[in-house]
Amino acid sequence: MAVASPGPDFVIVLRQSLRLGKKASVYTSLGIGTGILIHIFYCVIGVGLLIKQHETLFLVFKIIASAYFLYLGLTSLISKSREMVIESAKNGNRDISFWKNYNLGLITNGINPKATIFFLSLYTVVISQNTPISHQIFYGVYMSIATAIWFSFLSLAFGSEKLRKRLVHWSKIIDKITAIVFVFLAIMIFL
């Protein structure tokens, strides 16, 4: 349920699917799935507890996340997505960079406060201190794979050429809505 609930990861996958197509969005989804491992890592080694107990450290994290989502919102606001969709349809998405799209997903999830709060809660409340590390790591890897699969499925659904061609005329409005969502998320995280 946590993976399927709308948030920054969903918005970025939707944006990538509609702007660049399935391939770029799947790469972004793989980055999001890998981003889950960042949260698992710091929870397993105890940094999650440190962040939870030190409000200043968590505040710094929130400011960084806010700034990043504000950046994503502003870039969506000034983007030329209609031209990008038309151009990517023409060239068949040949120049889609794996690392650029993967890193976008990785960073988006890695600093996603929703994911941070979810994993802090899960690893400090639900999973006991007696839970073996191997089980904790298994849970994390499972959640990482499930996340990558879910967002890859969304990528395939939203990135179909047929849907993208239908939505090309709405791309400016979609980008504005995306921008508003990211700016709203940035403000909510900061506050």
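As a basis for the values below, the full set of heavy atoms in this structure was taken, side chains included, without hydrogen atoms, waters or symmetry mates. On a predicted model such as this, the values are computed, not experimentally measured, just so you know.
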> Parallel, tilted or perpendicular for Y102 and F98, by the 30°/60° rule?
Replying inline: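 Parallel, since the angle between the ring planes stays under 30°.
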
In terms of hydrophobic clustering (I, L, V, M, F, W, Y; side-chain heavy atoms under 4.5 Å; direct or indirect links), are [X] and [Y] co-clustered?
X    : Y    : result
I63  : F184 : no
I177 : M188 : no
Y42  : V60  : no
I180 : V13  : no

Quick one: pull up [atom1] in [X] and [atom2] in [Y] and give me the separation to the nearest 0.5 Å.
X    : Y    : atom1 : atom2 : answer
F153 : S29  : CZ    : OG    : 11.5 Å
L59  : I64  : CG    : CD1   : 10.0 Å
T28  : D9   : OG1   : CG    : 10.5 Å
Y142 : T147 : OH    : OG1   : 9.0 Å
Y27  : W99  : OH    : CH2   : 11.0 Å
L154 : L14  : CG    : CG    : 8.5 Å

> Side chains of T75 and R15: closer than 4.5 Å at any heavy-atom pair?
Replying inline: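 Counting from C-beta outward, T75 and R15 do come under 4.5 Å.
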
Minimal non-hydrogen separation, [X] against [Y], with atom names:
X    : Y    : result
S155 : S25  : OG-OG, 2.6 Å
Q136 : T131 : NE2-O, 3.0 Å
G73  : V183 : CA-CG2, 4.2 Å

> Only one of I36, T34, L37 forms a side chain to side chain contact (heavy atoms under 4.5 Å, CB included) with N109, so which one is it?
Replying inline: I36

> Yes or no on side chain to side chain contact (heavy atoms under 4.5 Å, CB included) for T108 and V11, after CA distance, side-chain angles and deciding distance?
Replying inline: CA-CA 10 Å; T108 300; V11 174; over 6 Å; no

>> Under 3.5 Å, is there a donor on one side chain and an acceptor on the other for H39 and N112?
In response: no

